Visitor: 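Encoded as structure tokens, here's the structure I'll be asking about.
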Amino acid sequence: MRMHLSTAAAGFLLLASVGAVAAQDVIIQPEQETVIREYVKKKPLASVNLLGVELNIGSALPETVELHEVPDVEYRYVVVDNRTVLVDPGTRRIVKIID
């Protein structure tokens with residue numbers, strides 16, 4: 001029994017770390033980041049406060065948070081706690097935080 005729990009716990013940790021690594025593998029090219037920064041400056045949003053949500057790469061945002069499109073970019077953005085956050089719209093996970 002103890003062996004099964006250890007194996008299950010190890011498997012869970014492995015899956016969790018794989019998910020975190022996958023979220024960190026997102027690479028935004030400098031040219032694309034420039035486009036995003038310029039667009040965000042032209043279209044500023046009011047900052048939202050999210051209690052209980054850590055602002056980290058890989059963290060998921062709740063469905064109640066409205067994500068905003070950046071033309072010709074696959075990610076969406078929102079301003080959380082005065083920080084611009086890029087989000088994968090399919091998973092709602094944070095892929096980049098732009099300060």
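Small disclaimer: the values here were computed from a predicted structure and weren't measured. Atoms considered below: every heavy atom in the structure, side chains included; atoms not considered: hydrogens, waters and symmetry mates. Throughout, numbering of the chain's residues begins at 1 and tracks the sequence.
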Visitor: Is there a side-chain contact between Val40 and Ile98 in this structure, where contact means two heavy atoms from C-beta onward sitting under 4.5 Å apart?
Guide: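 Val40 vs Ile98: side chains apart.
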Visitor: Quick one, Val78 with Glu66, criterion side-chain contact (heavy atoms from CB on, under 4.5 Å). Give me CA distance, side-chain angles, the key distance, then yes/no.
Guide: CA-CA 7 Å; Val78 64; Glu66 183 179 359; over 6 Å; no
Visitor: Take the angle between the ring planes of His68 and Tyr77 and call it parallel below 30°, perpendicular above 60°, tilted in between.
Guide: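 Because their plane-to-plane angle lies in the 30° to 60° range, the rings of His68 and Tyr77 count as tilted.
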Visitor: Cluster question for you: counting only ILVMFWY and a side-chain heavy-atom cut-off of under 4.5 Å, with indirect links fine, are Val48 and Leu61 together?
Guide: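 Yes; Leu61 is reachable from Val48 via cluster members.
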Visitor: What pair of heavy atoms forms the shortest contact from Glu54 to Ile94, and how long is it?
Guide: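 Distance-wise, the nearest heavy atoms are O-CD1, 4.5 Å.
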Visitor: Atom CG in Leu55, atom CG in Asp81: separation rounded to 0.5 Å?
Guide: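 Rounded to the nearest 0.5 Å, the CG-CG separation comes out at 6.0 Å.
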Visitor: Closest heavy-atom contact between Arg92 and Pro62?
Guide: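 What the structure gives for the nearest pair is NH2-O, 2.7 Å.
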Visitor: Rounded to the nearest 0.5 Å, how far does CD of Glu74 lie from CG of Asp88?
Guide: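 Asp88 atom CG to Glu74 atom CD measures 7.0 Å (nearest 0.5 Å).
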Visitor: Rounded to the nearest 0.5 Å, how far does OG1 of Thr84 lie from CZ of Arg37?
Guide: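 Here the interatomic distance stands at 8.5 Å.
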Visitor: Look up atom CD1 in Ile36 and atom CD in Glu31, then write down how far apart they are to the nearest 0.5 Å.
Guide: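 Separation between the atoms: 11.5 Å.
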Visitor: Is it true that Ile28 and Val79 fall in one hydrophobic cluster, defined by side-chain heavy atoms closer than 4.5 Å?
Guide: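 Yes, same cluster.
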Visitor: Between Asp72 and Val35, is a side-chain contact (heavy atoms from CB on, under 4.5 Å) present by the stated rule, with each step listed?
Guide: CA-CA 9 Å; Asp72 303 320; Val35 168; over 6 Å; no
Visitor: May I ask you to test the Val26-Lys96 pair for a side-chain heavy-atom distance under 4.5 Å?
Guide: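 Not in contact.
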Visitor: Does a side-chain N-to-carboxylate-O contact under 4.0 Å join Lys42 and Glu38?
Guide: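 Salt bridge flag = no for Glu38 with Lys42.
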Visitor: What is the minimum heavy-atom distance between Tyr75 and Pro89, and which atoms define it?
Guide: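 Minimum heavy-atom contact is CA-CD, 4.2 Å.
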Visitor: Would you check, one step at a time, whether the test side-chain contact (heavy atoms from CB on, under 4.5 Å) holds for Val95 with Val87?
Guide: CA-CA 5 Å; Val95 296; Val87 180; over 6 Å; no
